[in-house]
Amino acid sequence: MTDIASTPLAQTIQSRRSIKKFTDQPVDKQTILELLEISKWAPDHGVREPWRFLLFLGSGMEKLAEALADYQEHEGSKKPEKIRAQISELPGALLVVNQAEQKVKKWEEDFGAASTLIQNFQLLSWEQNLGMIWKTGDYIYSNRFKQSLGIDPEETIVGMLQLGYFEKIPKAKPRTSIEEKINIFE
Ligand SMILES: Cc1cc2nc3c(=O)[nH]c(=O)nc-3n(C[C@H](O)[C@H](O)[C@H](O)COP(=O)(O)O)c2cc1C
């Protein structure tokens with residue numbers, strides 16, 4: 001019988017961690033495109049492919065940094081320059097944006113589909129030693145932030161993935177045994 005926990009996929013799922021600190025190693029555009037081409041094979045109700053992406057790499061990070069600094073300034077933050085510097089220094093970021101959807105059922109299905117695509121992307125990237133963290137700050141709901149990046153207010157930002165290569169893997173936060181979370185009817 002196969003030992004489920006020791007398959008390569010099981011190992012990748014369990015060892016992946018969110019990464020916040022990256023090395024200076026640049027992230028290659030072609031690698032990201034290849035990873036996304038595979039990640040798109042996600043479960044997706046109606047195969048609506050609700051997503052589109054904004055990829056920022058290298059000096060392109062300044063556009064994202066500017067949008068975030070502008071958002072923070074508008075919100076009354078005294079330190080917009082801090083966020084500008086933090087974001088500009090990142091090797092890359094990917095914004096996952098879902099199409100406008102008014103019906104709750106479809107919106108949730110689309111959010112679920114994009115989330116599974118993101119997890120595919122996280123796991124595949126992990127295999128390539130490319131780390132990331134999925135960020136959902138308040139800015140993702142801001143029309144001002146959206147508009148400064150050409151995102152329609154009706155579109156949904158599913159997440160901002162800050163990404164890059166890394167040296168240190170953070171310790172895993174403990175997870176509860178599924179036995180404590182399941183009711184079985186048999
Ligand atoms: C929908 C979603 C939103 C998240 N938003 C944030 C965020 O805004 N800031 C952050 O530090 N981590 C965020 N995370 C990452 C979680 O904090 C992280 O996955 C969790 O701490 C477990 O750590 P691990 O990914 O290393 O197992 C988010 C994760 C998900 C799935």
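The chain is numbered in sequence order, starting from 1. Whatever order the structure lists ligands and atoms in, that order sets their numbers, starting from 1.
The pair R52-E155 meets the salt-bridge criterion, with a side-chain N (NZ, NE, NH1 or NH2) lying under 4.0 Å from an Asp/Glu carboxylate O. A salt bridge does not link E109 to K106: none of the charged side-chain nitrogens sits closer than 4.0 Å to a carboxylate oxygen.
Of all atoms in ligand 1, listed by their number and element, those nearer than 4.0 Å to a heavy atom of I133 are 10 (C), 11 (O), 12 (N). In summary, the atoms of ligand 1 found under 4.0 Å from a heavy atom of R17, numbered by their order in the structure, are 24 (P), 26 (O), 27 (O). Near R16, the atoms of ligand 1 lying under 4.0 angstrom from a non-hydrogen atom of the residue are 24 (P), 25 (O), 27 (O).
Residue-environment remark: CD (Q147) exceeds the threshold of 12 foreign heavy atoms within 6.0 Å. Enclosure of atom CD in E75 by more than 12 non-hydrogen atoms of other residues, nucleotides or ligands within 6.0 angstrom is indicated.
Among all non-hydrogen protein atoms, the one lying nearest atom 9 (N) of ligand 1 is K135 CD, 3.6 Å. Counting only heavy atoms of the protein, atom 16 (C) of ligand 1 lies nearest to S18 OG, 4.4 Å. The protein atom (non-hydrogen) at minimum distance from atom 8 (O) of ligand 1 is T136 N, 2.9 Å. Distance from atom 21 (O) of ligand 1 to its nearest protein heavy atom, with residue and atom name: K173 NZ, 2.7 Å. What sits closest to atom 6 (C) of ligand 1 on the protein, heavy atoms only, is W134 O, 2.9 Å.
Scored by the salt bridge (Lys or Arg N to Asp or Glu O under 4.0 Å) test, E73 finds no partners at all (sequence neighbours excluded).
Within the structure, salt bridge (Lys or Arg N to Asp or Glu O under 4.0 Å) pairs that include any residue of residues 14-39 comprise E37-K40 (at least two apart or interchain).
With a 4.0 Å cut-off on non-hydrogen atoms, M132 does not touch ligand 1 at all.
R175 counts as a contact of ligand 1, since one of its heavy atoms falls under 4.0 Å from the ligand.
By the 30° and 60° cut-offs, the orientation of the rings of W126 relative to F166 is parallel.
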